[in-house]
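As structure tokens, the structure follows; a few thoughts come after it.
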Amino acid sequence: MKFAIVVFPGSNCDHDAYYATKHVLGADAEFVWHKELGLQGADVVILPGGFSYGDYLRTGSIARFSPVMASVMAFAEAGGPVLGICNGFQILLETGLLPGGMLYNRSVKFQCEQVYVRVEELETPFTCTATPGQVLRIPIAHGEGNYFAPPDELDLLEANRQVVFRYCDVEGAVVDAANPNGSARGIAGLCNKQRNVVALMPHPERACESAMGSADGLVVFESAIAQLKSDGMVLPG
Amino acid sequence: MVTINSKTLDHHGLSREEYQKILEILGREPSPTEIGIFSVMWSEHCSYKSSRIHLRTLPTTGARVVQGPGENAGAVDVGDGLVAVFKIESHNHPSFIEPYQGAATGVGGIIRDIFTMGARPIALLNSLRFGSLNDAKTRGILEGVVAGIGGYGNSIGIPTVGGEILFEDTYKGNPLVNVFCLGLAQAGKLVMGEASGAGNPVYYVGAKTGRDGIHGATMASAEFDEQSSEKRPAVQVGDPFMEKLLLEACLELMQTNALVGIQDMGAAGLTCSTSEMGSRGGVGIDIDVTRVPQRESGMTPYEIMLSESQERMLMVVHRGREAEVERIFKKWDLHAVSIGVVTDDGQLRVREGDSVVAEIPNGKLADEAPCYNRPTEIPGYLEQVRHLDLEALPVLPAAESALLKLLGSLAVTSKHWVYRQYDHMVRTNTIAPAGMGAGVVRLKGTDRALAISVDGNGRHCYLDPHLGAMLAVAEAARNVACAGALPIGATNCLNFGNPERPEIMWQFARAVEGIGEACRALELPITGGNVSFYNETDGQAIYPTPVLGVVGVIENASSVLNRVFPSSQSAILLLGGGSGVLGGSEYLKTVCGQVAGSLAPLSLDSERRLQQLLVELAAAGLIQSAHDCSDGGLAVALAECCFDSGGAGADLMMPDDASGGRTDVAEASILFGEAPSRVLVSIAESDFGIVRKKVEIAGVPIAAQGQTGGDRITISLAGRKVLDLSVADAEAAWRQGMERFFVNRAA
Amino acid sequence: MKARVFVTLKESVFDPQGQTIADALHTMDYDRVRNVRQGKYFELELDVETVDDARALANEVADRLLANPVIESYRIDVEDETIGVSK
């Protein structure tokens, strides 16, 4: 059971994802430098948060062309579980593995704060041990997390049950006041149609210990471990 | 050869006497490049020529001090084989010219100072001063500065875990941006900015050199090159992405032993880094400017040596290890270029291809830098502003409305609008919620945590520079102690006006004395810092503003405290016996519109006993929260303890302080008067007895007692209720004090 | 009347974004892209009658708000729908 954490130049939550998976959860974890061409036999790939290439041009736009991304794409297409967190979400949007794009937060400011998200779908490798409608307290830290997609695309996402996380209030109600950045339909996280690629703007790796203010993010990583254990998945790559 | 005339000297900020000294050192007339080098190395910024004589009096040693002043940053031992490397620096003037980039490059500069020491930066804090937000331009400056600090720190991935912001009209044309950074290194593995070993190559790595930041005061005169000076923008642009690469590559390089020494090219760029590295090691450095990577064409040696382009490092590496060094930088898409060599002749030699354009004895450039004992004189304003006739104040408002006004004032209000824009959690070490006291980061792999606070109050120092500076030391250390941490080291950033004016120099000298006195008493060595003079607009100096950064260590991270009262019913104690005074207080400024009076005195002995007691009680798990009484006095502090608690209230009872005179003035003094060495703590009812005993043994007075609970904030004097306000109303006023200036788009 | 405002960093101000994009293009083997400077582009719809008024107004707002004269410079194109683009 091994997590590969891809390190792009400018990634800065790579160490946090590593610490959460390796030291908090006790799983195997390894950094994979973006110039590498393989994924070191990993079972799960994490594209961590940060400012790959300084977020210059567009968030995620340059990292998407890193050599390792060919392997990530192949891994994803073969059904391997891939988790994009924050900048990792933005990179996955640029690859086209996930639809839509990110606009500036409607505050037009970077925002770092605790938010609540509701787990909308359990049928993904990163939510399978959550309870239906479970409310997680997880921080966000981004300037461009205002998810945008055209209405028909949004309808399609809903129809395919691809909306995995939505911003909500402490009770789990999806209301505009609880939407920190103006994301369409309160979308905080998505999966692809095959359901193995999941991405979210909030940082579950920052919410894995009560000392950090919340351990609600654990469920995301625990799910990945549980899923791999239970279905003895045949691993690609 | 250019003839040096008086205009040239003025342009370079060099005096006749300084020029004479240059002639003696060189035994000839300096070249244009040499005059440039001398001018920046002997500038106030690099040479500390006006401040050195005073800074020498500060305590800089102690059992835990691993590195004192003189290197890129100071360092203290924090246990478990780790040292904390930290420093605070100002970037005031650039932040006024271009708020975003000025603040951003300030953050970038201090981060480089930390990682060049071999430490991984893990925490940033800042101390900011602005004019009133009623002024649109000031709002723009604040927005730019905050965005710039966030833009750089967030991108590079170092959390901004705390800080302070104060507002006074005096900073309107001269905001202060002081940035603090702390990093962690293995004990015994610090890297120094020292060159050694003749024949070792000198490497340049990082961003290319452009004409940016060649300082106005040292800008070349028309005789040198009129055209090129027109092209020089004064503003540097920061590139946090480049710095992130430099940070990772340098830390990786430091894991090898290929590196001899390293220094960042900050102020005075290549000049300062080459000459300082050479003089520290007692060696010469010989470089060729044509090998320096350049962003613009046609740059002269003068410009290359004086450029302050950001994100550049100078390194000396062991001969024979070049390929290894170059390979590590290449991995990070950086290009390390050899630009010269270490020599044993002690000369800073600058070549442009085949010709030598500067040759200066390194040691003399540093050691014979001017040092002035500038005249001091008590400022005329002091006598007038210290006079305060409390009996002559207009009728004071009811306590509730005064409290609401103070809570909504810029000094006291929640700074959520600001810190929400900073990533304060990245690296998952931040164990104190933002905005609740000192910044606290745990040290992974150990049980420990570090608490950090930056504090200063210019208004206090305006009224009394000596006491004001002592209060800044005491408050920063007290805030750290309130988190449960033992204060172990300090750094200072001294922001003052023009040192050539005797009244300013008097403020400076008195403030440094105060810092020294307080640091000695509290056993807090100053391991480094920064002086920023010439903070003036139209001949009007800012309030003298020394800012102290104090670092403390918590043995067990799980015992960290913050200001918030627990939701369960608890007892409250006000520790410390001093009674608040209105002189120089936030109340007097905000409610009465006056800046006047004498500050409450500070007993360093009481302060020290209070701080030791707090650390002891916190370590034993006997207190649930602790909060310093600062701006706005006791009533504000009590209210703040109730905020973020979910609306739980508090009731505090005090004996009546029958002082005679006007009752409203007496009550305002008790509720809102300010005095040092006072802390509100909450304790479980069951621990009340044991805590009382420990407090008694420590010799710390208990000035008031109370309980948490209910949904109101109340204070009684000898059984008579003098303050009664709902937590909800108080918290609403406190939350909106800053945000109301920025209601624009939906958030 | 329409005006287009192109804001770029002044020539000798360092452009980290442009440099990073250029580097990325070079690693993607676009060696013939020698340099990149990044900027901002604005479209202004103006209630004015003449091209000169449009230019003056666009200049003013560019000076006061759209560009930061400390580090940025700008260029303005005015488009009169009846006669096309006036540079």
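A note on names: the letters A, B, ... follow the listed sequences, proteins ahead of strands, and every chain is numbered from 1. Treat the numbers as computed from the prediction; the structure is a model and nothing was measured.
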Can you tell me which portion of B/Lys331 sits under 4.5 Å from chain A's heavy atoms? Options are side chain, backbone, both or neither. both
Let me confirm one number: the CZ-CG distance from A/Phe110 to B/Asp423, rounded to the nearest 0.5 Å. 4.5 Å
Side chain, backbone, both or neither of A/Tyr53 within contact of chain B (heavy atoms, under 4.5 Å): both
If I measure from the heavy atoms of chain A, does B/Pro240 come under 4.5 Å with its side chain, its backbone, both, or neither? both
Side-chain contact test, heavy atoms from C-beta onward, threshold under 4.5 Å: evaluate it for A/Tyr56 versus B/Asp239 and give yes or no. yes
Toward chain A, the part of B/Ile156 with a non-hydrogen atom under 4.5 Å: backbone
Taking all non-hydrogen atoms of both residues, which atom of B/Thr428 and which atom of A/Glu205 are closest, and how far apart? CG2-O, 3.8 Å
Measure the spacing between CD of A/Glu209 and CZ of B/Arg442 and express it to the nearest 0.5 Å. 4.0 Å
Counting heavy-atom pairs under 4.5 Å with chain B, the top scorer among A/His15, A/His142, A/Glu113 is A/Glu113
Using side-chain heavy atoms (C-beta onward) and a distance below 4.5 Å, is A/Cys112 in contact with B/Tyr422? no
Heavy-atom distance under 4.5 Å between the side chains of B/Thr430 and A/Arg206, does that happen here? no
Within 45° of the six-membered ring axis of A/Tyr19 and under 6.0 Å from that ring's centre, is NZ or CZ of B/Lys444 located there? yes
Scanning both residues in full, the closest heavy-atom pair of A/Lys109 with B/Glu143 reads NZ-OE2, 3.2 Å
Does the side chain of B/Arg420 reach to within under 4.5 Å of the side chain of A/Ser107, using non-hydrogen atoms? yes
State the CH2-CH2 distance between A/Trp33 and B/Trp332, to the nearest 0.5 angstrom. 4.0 Å
Testing the basics here: between A/Pro139 and B/Met425, what is the closest heavy-atom pair and its distance to 0.1 Å? CB-SD, 3.3 Å
Nearest heavy-atom pair of B/Ser155 and A/Asn12: which atoms, and what distance? O-ND2, 3.0 Å
Closest heavy-atom pair, A/Pro9 versus B/Leu245, reported as atoms and distance to 0.1 Å, is CB-CD2, 3.5 Å
Using a 4.5 angstrom heavy-atom cutoff, name the option from B/Val560, B/Val146, B/Asn154 with the most pairs to chain A. B/Asn154
Over 12 foreign heavy atoms within 6.0 Å of NE2, A/His23: yes
Please check if the number of heavy atoms outside B/Lys330 that lie under 6.0 Å from its NZ is greater than 12. no
If you count heavy atoms of other groups shown closer than 6.0 angstrom to NZ of A/Lys2, is the number above 12? yes
Whatever's closer than 4.5 Å to a heavy atom in chain A on B/Asp333 counts as both
Does CZ in B/Phe741 sit with more than 12 non-hydrogen atoms of other residues, nucleotides or ligands closer than 6.0 Å? yes
